[in-house]
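One structure is given here, and the rest of the page talks about it.
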Amino acid sequence: MLVRFAGLGLGAATLTTVAAASGNTNVDVLTSSFDVSSFMAEPVTPLSTLVKDKDDMKVKMEMLIMKIQADFCRALENEEDPSKKFIVDRWTRAEGGGGVTCVIQNGKTFEKAGVNVSVVHGILPVDAVRQMKARGKELIGKELPFFAAGISSVIHPSNPHVPTVHFNYRYFEVTQENGEKMWWFGGGTDLTPYYLVEEDVRHFHSTLKNACDQHDAGYYPKFKKWCDEYFLVSHRNECRGVGGIFFDDFEMHSQEDCFKFVKSCAESVIPSYVPLVKKHRNDPYTSAERDWQLLRRGRYVEFNLVYDRGTKFGLYTPGARIESILMSLPVYAKWEYMHSPSDGTPEAKLTEILKNPKEWI
């Protein structure tokens, strides 16, 4: 089932109507407990379940990612042509759960901007189990009940002087054959410029560091290093971009403390990125700079299809929604045989940084 909305949030009155139609008698509790008036669409989980399980981490995470999605989409719309709004696809998955995919395509500022929320559950397939075991997760059983909730976004701007940004924050639960429940968080935010402006990169990293430092001064250096290592395009021996933060299997503290850290990171996306869009979206550029942007996008595609863990998990999951999984791919990209930028050029300067990641702050 696919429901399309015109990029407008569902107001509380609409949710009340939906709840009443479903026989939910807890509408007052719902509307007082959850501020859903600004969401891009109705939450994935049934309203009665949101009320009943309001203190469950699954509900907390869904409410967080729905809010982050709406806030980010509207921040981007403010930088776009007023006539261009996000198309909102709310989809359901026969195997359990669904999501909300928001996309702008061929806008003035954003050639493609995608912000996807997914809240899915079901049985974890064997291939996905193997993937987790390879990361040190010792799971008991061959096919296991799971729950996953996350937000994932990739923004491909029209202007080569505006960088691409990616962020993803997620929560995962698996119930093993012996009844034991395992949980963890993961995610990160990273920047992929086409032209290096060191002031912009320092701003980006400083904003992420501030979010990390609210919880532990050791997080930023640890997760910055992890990001540089994770987003390495090994067959090119270069990083996808200038990094940011990345973490996975995050479960070292209480569930609530981990959630608060993830919330701080997710809320840092707008202040880390939108100022860069404002600064550069009207910069003049040449056809040669556009060609370079398309070549770098080709490298972005290579990483996402060959290495990205989230893409692989999505493709392994039964009932996968391919359009949402491959939302991260640009509309246009380019590959040239044996292309190499000339020494001393801005393109060569960026390439040198991608091959030799540095500390920005």
Exercise. Could you grab the distance from atom NZ of K355 to atom CZ of R236, nearest 0.5 Å is fine?
Key: 9.0 Å
Exercise. Compute whether any side-chain donor of one residue and acceptor of the other, for E289 and H161, lie under 3.5 angstrom apart.
Key: yes
Practice problem: Report yes if the side chains of L50 and P43 come closer than 4.5 Å at any heavy-atom pair, otherwise no. | Solution: yes
Exercise. Would you check if W184 and V174 make a side-chain contact, meaning some heavy-atom pair closer than 4.5 Å?
Key: yes
Practice problem: Indicate, with yes or no, if L232 and L350 share a hydrophobic cluster defined by side-chain heavy-atom contacts under 4.5 Å among Ile, Leu, Val, Met, Phe, Trp and Tyr. | Solution: no
Self-check item: K58 vs E62, salt bridge (charged side-chain N to carboxylate O under 4.0 Å, His left out): CA-CA, chis, key distance, verdict
Solution: CA-CA 6 Å; K58 294 191 291 292; E62 180 173 355; over 6 Å; no
Quiz prompt | Heavy-atom donor-acceptor pair, R93 side chain to H121 backbone, under 3.5 Å | solution = yes
May I have the list of side-chain donor-acceptor pairs in residues 104-111 shorter than 3.5 Å, sequence neighbours left out?
from: T109; atom 1: OG1; to: E79; atom 2: O; distance (Å): 2.6
from: E111; atom 1: OE1; to: R290; atom 2: NH1; distance (Å): 3.2
from: E111; atom 1: OE1; to: R290; atom 2: NH2; distance (Å): 2.9
from: E111; atom 1: OE2; to: R297; atom 2: NH1; distance (Å): 2.4
from: E111; atom 1: OE2; to: R297; atom 2: NH2; distance (Å): 3.4

Quiz item: Rounded to the nearest 0.5 Å, how far does CD1 of I361 lie from CG of N210?
Solution: 7.5 Å
Quiz item: Atom CZ of F303 and atom OG1 of T311: how far apart are they, to the nearest 0.5 Å?
Solution: 8.5 Å
Quiz item: How long is the span from the CG atom in N116 to the OG atom in S152, to the nearest 0.5 Å?
Solution: 6.5 Å
Quiz prompt | I65 side, atom CD1; I68 side, atom CD1 - distance, nearest 0.5 Å | solution = 10.0 Å
Quiz item: How far apart are the closest heavy atoms of G98 and V44, and which atoms are they?
Solution: N-CG1, 3.4 Å
Quiz item: Linking I/L/V/M/F/W/Y whenever any side-chain heavy atoms sit under 4.5 Å apart, do V197 and I155 land together?
Solution: no
Practice problem: Check step by step if side-chain contact (heavy atoms from CB on, under 4.5 Å) holds for V162 and Y285. | Solution: CA-CA 11 Å; V162 179; Y285 62 89; over 6 Å; no
Quiz prompt | Pairwise side-chain contact, R299 with L354, heavy-atom cut-off 4.5 Å (strictly under) | solution = no
Quiz item: Is the side chain of Y273 donor-acceptor paired with the backbone N or O of L191 at a distance under 3.5 Å, no angle test?
Solution: no
Practice problem: Could you tell me whether a side-chain N or O of D53 sits under 3.5 Å from a main-chain N or O of D56, the two making a donor and an acceptor? | Solution: no
Quiz prompt | Minimum side-chain heavy-atom gap Y220-S206 below 4.5 Å | solution = no
Self-check item: Rounded distance (nearest 0.5 Å) linking atom CG of L208 with atom CD1 of I245
Solution: 5.0 Å
Exercise. Say whether, by atom type as modelled, one donor and one acceptor occur between the side chain of H205 and the main chain of E359 under 3.5 angstrom.
Key: no
Self-check item: Intermediate values then yes/no, side-chain contact (heavy atoms from CB on, under 4.5 Å), V201 and L196
Solution: CA-CA 8 Å; V201 183; L196 185 66; 3.9 Å; yes
Practice problem: Pick out which of F185, F247, Y171 makes a ring-ring contact (aromatic ring centres under 6.0 Å, His included) with F261. | Solution: F247
Self-check item: Cluster check W335, L329: I/L/V/M/F/W/Y, side chain < 4.5 angstrom
Solution: yes
Quiz item: When the aromatic ring centroids of Y230 and F223 are compared, is their separation below 6.0 Å?
Solution: no
Quiz prompt | Contact summary for P157 and P163, nearest pair of heavy atoms | solution = CG-O, 3.5 Å
Quiz prompt | Residues that N304 engages under side chain to side chain donor-acceptor pair (under 3.5 Å), provided they are two or more places apart | solution = R240, S328
Quiz item: For C239 and D228, which heavy atoms make the closest approach, and how far apart are they?
Solution: SG-O, 3.6 Å
Exercise. Look at the aromatic rings of H253 and F250 and report parallel, tilted or perpendicular, splitting at 30° and 60°.
Key: perpendicular
Quiz item: For T189, what residues pass the side chain to side chain donor-acceptor pair (under 3.5 Å) criterion, not counting sequence neighbours?
Solution: Y169
Exercise. Mind telling me whether F231 and F246 have parallel, tilted or perpendicular rings, with 30° and 60° as the class edges?
Key: perpendicular
Self-check item: Electrostatic pair E229-K225, nearest N-O below 4.0 angstrom
Solution: yes
Self-check item: Linked, directly or transitively: L295 and V233 (ILVMFWY side chains, under 4.5 Å)
Solution: yes
Quiz prompt | Any D249 side-chain heavy atom under 4.5 Å of M182 side chain | solution = no
Quiz item: Taking side chain as C-beta onward, heavy atoms only, is L326 less than 4.5 Å from L305?
Solution: yes
Self-check item: Closest contact, heavy atoms only, T164 versus Y194
Solution: OG1-OH, 2.6 Å
Quiz item: So, the side chain of N78 versus the backbone of R74: is there a donor-acceptor pair under 3.5 Å, distance only?
Solution: yes
Self-check item: Aromatic centroids of Y300 and H166 separated by under 6.0 Å
Solution: no
Quiz item: Got R90 and V88 here, is their nearest side-chain heavy-atom distance under 4.5 Å?
Solution: no
Practice problem: Mark yes or no: K222 above the aromatic ring of W226, with NZ or CZ under 6.0 Å from the six-membered ring centre and no more than 45 degrees from the axis. | Solution: no
Practice problem: Please identify each residue that fulfils ring-ring contact (aromatic ring centres under 6.0 Å, His included) with H280, with sequence neighbours left out. | Solution: none
Quiz item: Going through the distances and angles, do D216 and M252 end up as a side-chain contact (heavy atoms from CB on, under 4.5 Å)?
Solution: CA-CA 12 Å; D216 189 316; M252 64 185 71; over 6 Å; no
Quiz item: Which atoms form the tightest heavy-atom contact between F204 and G244, and what is the distance?
Solution: CE2-CA, 4.1 Å
Self-check item: Main-chain N/O of M327 paired with K112 side-chain donor or acceptor, under 3.5 Å
Solution: yes
Quiz item: Are F167 and F72 close enough that their ring centers fall under 6.0 Å?
Solution: yes
Quiz prompt | Those residues that, when tested against C73, pass side-chain contact (heavy atoms from CB on, under 4.5 Å) (two or more places apart) | solution = M40, Q69, F86, C102, V115
Quiz prompt | Under the side-chain contact (heavy atoms from CB on, under 4.5 Å) test, residues paired with P341 that sit two or more places apart | solution = W292, H339, T345, E347, A348, T351
Quiz prompt | Over 12 non-hydrogen atoms of neighbours within 6.0 angstrom of NZ in K60 | solution = yes
